[in-house]
Amino acid sequence: MITHRHPRLLKNAFAAALLMAGLLSSAAHAADKSVSILEPKDGATVSSPFKVKFGVTGMTVHPANEIIEGTGHHHLLINHGPIKEGEAIPMDDTHLHYGKGQTEADVTLPPGQYKLTAQFANGAHQSYGPAMAKTISITVK
C-alpha cells in the first residue's frame with residue numbers, strides 16, 4: 001500500500017503508469033498505419049488495362065526523393081510479396097513506382113492470374129516492410 005510516508009513509491013508508480021500509457025499509445029498508433037488496394041477488389045476478374053487505386057492510413061502520400069517522417073509513396077509489385085523493411089524496391093517491369101505521389105494508375109497486363117502487392121516506401125524507395133503492404137489476387141481476362 002502506498003501512503004503519504006512513501007512519496008517516492010507514489011512518484012515511481014505514477015511514472016510507470018505514464019510510461020505504460022505511452023507504450024500502449026505508440027503500439028496503437030503503429031497499428032493505425034496501413035496500405036490498401038481499393039480497386040480492383042481481391043479475387044476480381046478485370047480487362048486490361050485496368051485501374052489500380054491505392055489507399056493509405058496513418059501516413060501521408062508525398063513524392064519521392066525527399067525523406068520526410070510519416071510520408072511515402074506507392075509501389076505496385078506484380079507477382080511479388082512484401083519487401084523487407086528498409087530494403088530498396090527494385091525498378092523493373094514487375095516493381096512499378098509511383099514516385100510522383102500518384103494514388104491510382106492504369107495497369108496493362110496480359111491475360112492470366114496475378115498477385116498484386118501494394119508496397120508503401122519512403123522518399124528513397126526504401127520499403128516500410130510487410131506492415132505497410134497489401135496483397136490481392138486478380139485474374140486478367
Side-chain angles (χ1 to χ4, degrees), residues 1-4 6-141:
M1 182 171 160
I2 300 173
T3 67
H4 68 281
H6 301 290
R8 180 178 280 170
L9 288 176
L10 181 59
K11 183 178 176 183
N12 288 344
F14 182 70
L18 285 176
L19 177 62
M20 186 59 104
L23 291 173
L24 291 173
S25 175
S26 294
H29 184 67
D32 291 343
K33 295 179 183 180
S34 66
V35 68
S36 57
I37 297 177
L38 304 172
E39 189 180 308
K41 298 294 184 196
D42 189 28
T45 297
V46 298
S47 296
S48 198
F50 58 95
K51 187 170 294 298
V52 174
K53 291 185 180 183
F54 302 101
V56 66
T57 302
M59 296 189 86
T60 302
V61 174
H62 190 272
N65 299 325
E66 186 177 14
I67 298 178
I68 301 172
E69 186 174 339
T71 71
H73 62 280
H74 295 286
H75 298 81
L76 184 64
L77 315 181
I78 301 168
N79 291 332
H80 296 282
I83 293 179
K84 183 178 172 185
E85 185 173 357
E87 284 187 14
I89 298 174
M91 188 173 282
D92 59 34
D93 290 345
T94 61
H95 297 84
L96 308 180
H97 291 243
Y98 300 102
K100 293 180 183 176
Q102 303 97 308
T103 57
E104 60 181 62
D106 290 325
V107 176
T108 301
L109 292 172
Q113 294 187 346
Y114 295 91
K115 176 173 72 169
L116 303 179
T117 299
Q119 178 71 67
F120 209 63
N122 69 18
H125 304 279
Q126 295 167 323
S127 171
Y128 282 120
M132 289 300 291
K134 174 66 177 179
T135 301
I136 66 167
S137 296
I138 64 163
T139 300
V140 177
K141 61 179 181 176

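The chain is numbered in sequence order, starting from 1.
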Backbone N or O of [Y] within a donor-acceptor pair of the [X] side chain at under 3.5 Å?
| X | Y | value |
| --- | --- | --- |
| D32 | G58 | no |
| S127 | A121 | no |
| H97 | P90 | yes |
| D42 | S137 | yes |

Please name the pair of heavy atoms, one in [X] and one in [Y], separated by the smallest distance, quoted to 0.1 Å.
| X | Y | value |
| --- | --- | --- |
| S34 | M132 | N-SD, 3.6 Å |
| I37 | L116 | CD1-O, 3.8 Å |
| K53 | E104 | CE-OE1, 3.6 Å |
| Y128 | Q119 | N-NE2, 4.0 Å |
| G81 | T117 | CA-OG1, 3.9 Å |
| L109 | F50 | CD1-CZ, 3.9 Å |

### Message
Take a 6.0 Å sphere around CG of N65 and say whether it holds more than 12 heavy atoms from other residues, nucleotides or ligands.
### Response
no
### Message
Using 0.5 Å steps for rounding, measure from the CD1 atom of I89 to the CD atom of Q126.
### Response
9.5 Å
## Note on the structure
Interatomic distance, NE2@H125 vs CD@E87, rounded to 0.5 Å, equals 15.5 Å
### Message
Quick check on the 6.0 Å ring-centre criterion: do H80 and H95 meet it?
### Response
yes
